[in-house]
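Everything on this sheet refers to the single structure shown next.
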Amino acid sequence: MSLPVVLAGARGHGRTHLRNIRRLEQAGTVRLVGICELEPLSPRELAHAGYGAPGPAQSADFGALLERTGARIAVICTPIHTHTDLALTAAAHGVHTLLEKPTTPSYAEYERLLAGLAEKGTACQVGFQSLGSHAIGAIRELIADGAIGQLRGIGAAGPWVRDEAYFRRVPWAGHRALNGLDVVDGVLTNPLAHAVATALRIDGSDLAEDIAESELEQYRAHDIEADDTSCLRLRTARGTRITVAVTLCAERNAEPYVLVHGARGRITFWYKQDRVLVERTGVGPVETVHARTDLLENLVAHLSDGSGLLVPPRRTGAFMRIVEAIRTGPEPEPLPAGAWYGAPGEKAPRRIVKGIDALIEESAESLATFSELGAAWAVPPARVLPR
């Protein structure tokens with residue numbers, strides 16, 4: 001029997017969820033019974049997603065929509081600072097959730113979410129899509145079997161291009177806080193959050209207690225509050241050093257990746273492509289592409305047959321400690337005018353940090369921070385270790 005689903009936030013990234021729900025409808029596992037938006041989707045928008053008139057019920061009142069439709073699952077793709085309240089509204093109605101990442105904008109909100117979910121007994125899956133990749137299990141097996149020798153560290157790199165319009169697409173974009181509410185919409189916590197979460201999952205260090213130490217360098221080329229170019233270095237409780245270097249001001253857009261360093265080789269994982277390259281001493285390189293479990297399908301399976309959730313909130317605890325470190329840490333350093341230059345983009349101008357692509361690659365290779373690599377504009381990292 002297909003499970004009734006309500007989607008909260010059907011525009012922007014929500015269109016991806018709308019398409020995925022439609023795909024699963026055609027497979028007979030779910031059915032879309034409601035859309036929660038401040039402004040209802042037009043007949044044209046619904047038709048573009050494959051829904052004819054009159055389409056699913058629509059309302060700006062999330063709780064009333066859940067009640068009216070009898071939803072079993074809510075997919076929540078709304079501004080970061082609304083995540084906790086909407087997920088707990090769903091839980092109060094006995095509705096299970098697929099909650100977009102980042103889980104919440106602060107650790108206090110994360111604890112409030114965990115407590116509310118536990119009280120109501122509803123399931124929640126957090127939308128780190130990369131953690132559905134079967135490649136992660138394969139990489140962990142290679143490490144455990146000693147395929148690349150003793151683990152020396154993990155680097156992650158994310159050189160992305162986003163134009164100035166990206167930071168104007170919604171009112172909360174690029175904000176650390178808005179109207180007195182935490183948002184924490186920076187490059188590490190939102191667009192390239194998967195680089196952080198994937199590296200932590202590969203190390204088996206995704207719980208809150210798994211972070212022992214963290215160092216943070218945050219910068220911004222754009223006129224925003226949050227970071228658009230940053231480097232994070234962690235030491236996990238098991239002793240692994242993890243470095244994540246990312247930007248939205250790259251010279252060229254490239255696939256983000258996680259690089260696992262071993263004493264006798266290394267593994268590169270392009271996590272958006274589920275593609276893995278294993279390079280070992282004395283052995284030719286081996287490249288494989290892996291399957292991926294869709295997170296909504298996994299949630300449906302969890303409700304139908306008890307399958308384990310791939311990304312329950314508890315397993316985003318380490319990531320949430322990073323969010324809290326960023327929220328409470330120093331504000332991003334504005335880059336001097338000479339460190340970046342403007343260029344035309346497809347829809348709006350964009351800002352490019354000089355030499356950032358090579359710097360990010362070198363960080364992933366060496367596990368060093370921008371300042372350690374000698375970037376003229378970089379400052380020594382802030383040591384941040386929130387509870």
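Just so it is clear, the values below take in all heavy atoms, side chains as well, and ignore hydrogens, waters and symmetry mates.
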Side-chain donor-acceptor distances from residues 117-135 under 3.5 Å, at least two apart:
unit_1	atom_1	unit_2	atom_2	d
Gln125	OE1	Leu310	N	3.2
Gln125	OE1	Val311	N	2.7
Gln125	NE2	Leu295	O	2.9
Gln125	NE2	Asn298	OD1	2.8
Gln129	OE1	His194	NE2	2.6
Ser130	OG	Thr198	OG1	2.8
Ser133	OG	Ala135	N	3.2
Ser133	OG	Asp274	OD1	2.7
His134	NE2	Thr293	OG1	2.8

Scan the side chains in residues 372-380 for donor-acceptor partners under 3.5 Å anywhere in the protein, sequence neighbours excluded, and list what turns up.
unit_1	atom_1	unit_2	atom_2	d
Glu372	OE1	Arg233	NH1	2.8
Glu372	OE1	Thr369	N	3.0
Glu372	OE2	Arg233	NH2	2.8

Less than 3.5 Å apart, which donor and acceptor atoms pair up between the side chains of residues 152-164 and the rest of the protein, not counting sequence neighbours?
unit_1	atom_1	unit_2	atom_2	d
Trp160	NE1	Ala254	O	3.4
Asp163	OD1	Ala165	N	3.0
Asp163	OD1	Tyr166	N	3.1
Glu164	OE2	Arg351	NE	3.1

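Checked by atom type and distance alone, the side chain of Arg350 pairs as donor or acceptor with a backbone atom of Ala250 at under 3.5 Å. The main-chain N or O of Asp182 is never found under 3.5 Å from a side-chain atom of Arg327 such that the two would form a donor-acceptor pair. Using modelled atom types, no side-chain atom of Glu111 and backbone atom of Ala108 make a donor-acceptor pair closer than 3.5 Å. Looking only at distances, no side-chain donor or acceptor of Thr247 sits under 3.5 Å from a matching main-chain atom of Thr229. The main-chain N or O of Thr236 is never found under 3.5 Å from a side-chain atom of Ser205 such that the two would form a donor-acceptor pair. Judged by distance alone, with hydrogens and angles left aside, the side-chain atoms of His175 form no donor-acceptor pair with the main-chain N or O of Glu225 at under 3.5 Å. Thr97 contributes no side-chain N or O that, together with a main-chain N or O of Leu99, makes up a donor-acceptor pair within less than 3.5 Å. Not a single donor-acceptor pair under 3.5 Å links the side chain of Asp145 to the backbone N or O of Ala147.
Remark: Arg19 CZ to Ile21 CD1 distance equals 11.5 Å, nearest 0.5 Å. Atoms CD and CZ, from Gln218 and Arg176 in turn, are 6.0 Å apart once rounded to the nearest 0.5 Å.
Take His17 and apply the ring-ring contact (aromatic ring centres under 6.0 Å, His included) test, not counting sequence neighbours, and it matches His13. Looking at residues two or more places apart in sequence or on another chain, you find a ring-ring contact (aromatic ring centres under 6.0 Å, His included) between Phe167 and His222. Residues passing the side-chain hydrogen bond (donor to acceptor under 3.5 Å, both in side chains) test with Glu25 are Arg22, Tyr51, sequence neighbours excluded.
Residue Glu39 places its CD atom among 12 or fewer non-hydrogen atoms of other residues, nucleotides or ligands, all under 6.0 Å distant. No more than 12 heavy atoms of other residues, nucleotides or ligands shown are found within 6.0 angstrom of CG on Asn179.
Looking only at atom types and distance, the side chain of Glu255 has no donor-acceptor partner in the side chain of Tyr257 under 3.5 Å away.
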